[in-house]
Amino acid sequence: MSGNMNLTLRIWRQKSAKANGQLVTYPVKGISPDMSFLEMFDVLNEELINKGEEPIAFDHDCREGICGACSMFINGQPHGPKKGVTTCQLHMRSFKDGDTIVVEPWRAAAFPVIKDLTVDRAAFDRIIAKGGFISVNTGNAQDANNIPIPKTDADLSFNAAACIGCGACVATCKNSSAMLFVSAKISQLALLPQGQVERIARAKNMVAQMDEEGFGSCTNTGACEVECPKEISLENIARMNREYFMANIKE
Amino acid sequence: MSKLDSKIPEGNLEEKWSKYKASCALVNPANKRSLEIIVVGSGLAGASAAASLAELGYKVKVFCFQDSARRAHSIAAQGGINAAKNYQNDGDSTYRLFYDTIKGGDYRAREGNVYRLAEVSANIIDQCVAQGVPLAREYGGMLSNRSFGGTQVQRTFYAAGQTGQQLLLGAYSGLQRQVGLGTVEMLARHEMLEVVTIEGKARGIIARDLVTGKLERHFGHAVLLCTGGYGNVFYLSTNAMGCNVTAAWKAHKKGAFFGNPCFTQIHPTCIPVSGDHQSKLTLMSESLRNDGRIWVPKKAGDVRKANEIPEEERDYYLERRYPAFGNLVPRDVASRAAKERCDAGFGVGTSKMAVFLDFKSAIERYGHNQAVKLGVQNPTAAQLKDFGKQVVEEKYGNLFEMYEQITGENPYEVAMRIYPAVHYTMGGLWVDYNLMTTVPGLYCLGEANFSDHGANRLGASALMQGLADGYFVLPYTIGAYLSKEISVKAISTDHEAFGIAEKAVQGQIDKFFAIKGTKSVDHFHKKLGKIMWDKCGMARNEKGLNEAILEIRQLREEFWKDVRVPGTNNELNPELEKAFRVADFLELGELMCMDALNRSESCGGHFREESQTEEGEALRNDDKFSYVSAWENKGDGKYELHKEELIFDVVHPSARSYK
Ligand SMILES: Cc1cc2nc3c(=O)[nH]c(=O)nc-3n(C[C@H](O)[C@H](O)[C@H](O)COP(=O)(O)OP(=O)(O)OC[C@H]3O[C@@H](n4cnc5c(N)ncnc54)[C@H](O)[C@@H]3O)c2cc1C
Ligand code: SF4
Ligand code: FES
């Protein structure tokens with residue numbers, strides 16, 4: 001084995017959406033500080049398979065912090081202790097030999113557990129389907145440089161668009177609010193000239209769907225911004241509130 | 001060779017596509033409503049095709065194996081997307097993009113396809129900006145460009161180091177809009193495991209619901225595979241963990257020919273392997289080569305840190321060997337040059353399998369520019385460094401962060417270490433000009449097809465191709481086929497062809513669980529990867545390839561005797577998903593080696609050691625190999641090679657020199 005850290009993992013095991021779950025303790029040995037957190041899970045899963053047990057199910061794909069699939073709640077924090085990273089970008093050098101690490105799935109009524117650490121985040125897709133777009137059919141576009149956009153606006157819009165849809169903001173929020181996620185998309189489009197036409201409908205429809213999915217309301221704790229791996233700013237929520245307010249006035 | 005009609009339209013290169021569009025068959029709106037299309041894959045190719053087709057009025061179903069369409073592997077593309085806009089007024093044009101792509105591909109792609117790609121490239125940027133994709137801008141509000149390997153103009157559009165993310169989210173927003181309108185049914189966490197053909201035409205798929213394990217039957221008048229590349233056959237690659245060949249391979253076994261399977265791209269700038277626990281490799285965008293300089297110590301076995309090695313003892317080997325392009329030579333050339341230095345003992349880092357990518361000069365240069373811009377007179381060295389760092393951070397910040405995350409080293413202060421890694425597969429299902437495979441009604445788009453990049457893909461061209469295929473090519477070409485299908489009523493999934501296909505999939509599932517072996521799927525995958533990397537990787541030779549074929553056959557036999565798939569079928573079971581994928585990789589790997597063995601020339605990413613110049617450059621053999629290899633699966637591990645001759649009317653293949 002390539003390293004010398006020994007750890008105790010306490011991992012949430014849940015056979016299916018309907019089954020009851022519980023924390024199960026697994027010791028792991030010989031972990032290298034250069035491993036990523038998910039590579040440590042690979043090591044554990046390989047061991048479980050070799051012992052004839054069932055490996056732990058978790059979502060992951062890109063393993064470089066961009067797809068938003070990975071989603072572990074580590075020692076009470078989504079994506080673990082390090083700021084500005086996803087679970088897959090967390091490395092074992094962030095832990096010490098002998099540590100006990102508790103790993104749970106995202107917990108929110110709108111994100112039901114599918115199995116072990118895997119949850120269902122389709123609610124996010126349904127919110128986007130209600131207005132997270134600009135209605136332009138293929139082939140309708142004018143020359144791209146016909147719409148000059150001030151660099152500062154373009155940059156702010158980009159910063160909001162960097163959201164990876166992971167759901168950490170919801171998982172960390174005591175109200176399970178999805179405001180940071182929804183506001184990031186609303187801001188991205190509200191900051192651009194192309195997004196103006198549908199501005200009103202967008203804010204109203206997306207917020208309505210967000211409520212329907214059972215996400216809680218925002219009480220400005222700011223926990224989401226702290227835990228967001230892409231450091232999406234709370235200013236987006238303020239901007240969204242203005243958009244929503246405006247939408248209701250225009251009614 | 002009657003089977004391989006590329007269907008390139010007649011006429012001048014510049015007119016082929018416009019004439020085609022003006023004369024192709026159309027389907028009227030009322031008929032579109034009753035035509036159903038299955039799109040497998042929600043990456044750039046799949047999402048853009050699905051949204052565009054739904055806008056046209058077709059009934060569309062989209063499948064992806066991730067939990068959301070937005071997570072398709074396209075999301076990870078970093079550097080940028082090419083388009084012949086000539087916004088920089090630096091001499092770019094459709095022709096030049098076409099020429100660069102044909103030359104970059106080492107004259108192993110079709111002129112007609114590549115010209116069309118270059119032609120629609122500009123529309124892609126327009127479309128994405130209209131969708132609200134926040135591409136990088138200059139202070140005047142205009143779009144910004146950078147240059148990328150293998151070209152001398154600035155035609156690459158980007159969004160920091162997250163271009164793929166932004167483009168995919170744009171395409172995904174278009175897709176979700178259609179989902180909201182009810183014209184697209186989105187089936188995430190579904191894996192396609194079989195193509196259903198009826199009377200020789202593709203009519204549907206069998207998919208497994210990855211949450212419940214249930215096998216589902218889905219009908220379509222046409223089926224589009226937009227399922228990405230197969231680089232994970234090497235186990236370690238820059239691809240996401242789930243990338244696989246399964247959809248394409250099942251289609252191949254149902255009659256779709258596989259084009260140029262051995263053409264794989266090894267990307268020069270990746271973070272080196274750090275240990276045997278490694279599950280994937282991380283790319284550092286090629287855009288870094290715009291400003292970073294690549295070097296190794298002049299002395300073999302030098303163990304000093306980069307900062308301790310004085311300027312005159314550094315060998316900037318790309319600048320030395322290729323003065324015209326320097327650090328911006330195409331990927332295949334840069335990768336081989338790194339391997340050459342490391343094999344010769346000049347490698348750095350603990351493994352000695354790495355070279356330096358250094359931003360010191362860029363930070364200095366930008367520091368001076370910035371000081372002038374800000375009007376700072378007589379700046380101190382520390383100020384200059386700070387200014388320089390700010391500019392570099394603006395351009396590459398997220399990449400630098402990623403590097404630090406993974407290696408624990410700060411690249412603003414110490415040179416990065418990089419090494420080539422598997423990145424992209426130019427090979428894929430053979431398609432004609434319409435993007436149709438050899439199975440009527442079965443189309444293939446994006447990285448999954450073989451079509452536009454020849455033997456080597458230029459940077460920032462995959463995003464362009466995926467979106468070109470999905471937004472601007474397929475929505476036209478599919479009309480040619482569907483206009484003849486309007487009288488075909490939706491076929492019931494009770495049709496026996498669906499039953500047979502489903503039974504085949506169920507059979508494979510039962511077989512996996514029945515083996516009850518002793519080794520995990522990953523065990524076999526890692527072994528396969530090592531064979532492929534050692535013998536069908538950056539350099540290939542006859543002896544190695546012959547060995548690899550035997551080793552893979554043996555490994556495949558072991559797999560089917562000794563693999564352990566835990567759990568059951570009726571639940572979320574990632575090990576079962578992997579088993580399906582690795583089973584197919586174990587067949588594909590052999591075909592890749594056969595293809596590499598057949599092609600005894602060197603071209604693009606395919607370097608046959610027997611075919612090189614005295615200076616160690618790749619030696620192409622146009623007399624013998626100016627063709628596309630299209631492999632037909634004859635069953636029982638047998639393949640027949642068909643050749644599509646490549647005809648060059650406009651550009652004349654010449655030795656590809658970047659000196
Ligand atoms: C790290 C990295 C950086 C890159 N950077 C650049 C860049 O800067 N510029 C550039 O031009 N190119 C870049 N590329 C290449 C480019 O990203 C890809 O070639 C391109 O995005 C592929 O798009 P696609 O739509 O063909 O496939 P993908 O985006 O891979 O999508 C495949 C889709 O198919 C689905 N799928 C696959 N199999 C099945 C199945 N059996 N059943 C159901 N669904 C299935 C998946 O769920 C997914 O939705 C990069 C690649 C990598 C790895
Ligand atoms: S706002 Fe941040 S935490 Fe929330 S989904 Fe987006 S990236 Fe994740
Ligand atoms: S696996 Fe993609 S963000 Fe972590």
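Quick caveat: nothing in here was measured; it's all calculated off a predicted structure. Because only heavy atoms are used, hydrogens play no part in the values below, and waters and symmetry mates are left out as well, while side chains stay in. In the text below, chain A, chain B and the rest are named by the order of the sequence lines, each starting its count at 1.
Looking at A:Lys51, only its backbone comes within 4.5 Å of chain B, counting heavy atoms on both sides. Using a 4.5 Å cut-off between heavy atoms, A:Gln142 touches chain B through its backbone atoms (N, CA, C, O) alone. With a 4.5 angstrom heavy-atom cutoff, A:Asn145 touches chain B via backbone and side-chain atoms both. No part of A:Leu191 comes within reach of chain B, as not one of its non-hydrogen atoms sits under 4.5 angstrom from that chain. For a residue to count as touching a neighbouring chain, one of its non-hydrogen atoms must lie under 4.5 Å from one of that chain's; by this rule A:Val85 touches chain B with the side chain only. Both the backbone and the side chain of A:Asp143 come within less than 4.5 Å of a heavy atom of chain B. Only the side chain of A:Leu189 comes within contact range of chain B, with heavy atoms under 4.5 Å apart. Using a 4.5 Å cut-off between heavy atoms, A:Ala154 touches chain B through backbone and side chain atoms alike. Interface remark: A:Leu38 contributes no atoms to any contact with chain B (heavy atom separation under 4.5 Å). In this structure, no portion of A:Ala160 lies under 4.5 Å from any heavy atom of chain B. Only the side chain of A:Thr118 comes within less than 4.5 Å of a heavy atom in chain B; its backbone stays farther off. For a residue to count as touching a neighbouring chain, one of its non-hydrogen atoms must lie under 4.5 Å from one of that chain's; by this rule A:Glu53 touches chain B with the backbone only. Both the backbone and the side chain of A:Arg63 have a heavy atom closer than 4.5 Å to some heavy atom of chain B. Of the two parts of A:Leu192, only the side chain, counted from C-beta on, holds a non-hydrogen atom closer than 4.5 Å to a non-hydrogen atom of chain B.
Between chain A and the options B:Gln176, B:Met241, B:Arg71, B:Glu55, heavy-atom pairs under 4.5 Å are most frequent for B:Arg71. When B:Leu283, B:Val179, B:Leu143 are compared by the number of non-hydrogen pairs under 4.5 Å with chain A, B:Leu143 comes out ahead.
Annotation: cation-pi pair B:Arg581/B:Phe65 present, NZ/CZ under 6.0 Å from the ring centroid and within 45° of its normal.
The two residues A:Lys230 and A:Ala162 have their closest heavy-atom pair at CG-O, 3.5 Å.
Ring centroids of A:Phe215 and A:Phe111 are separated by less than 6.0 Å, placing the two rings close together.
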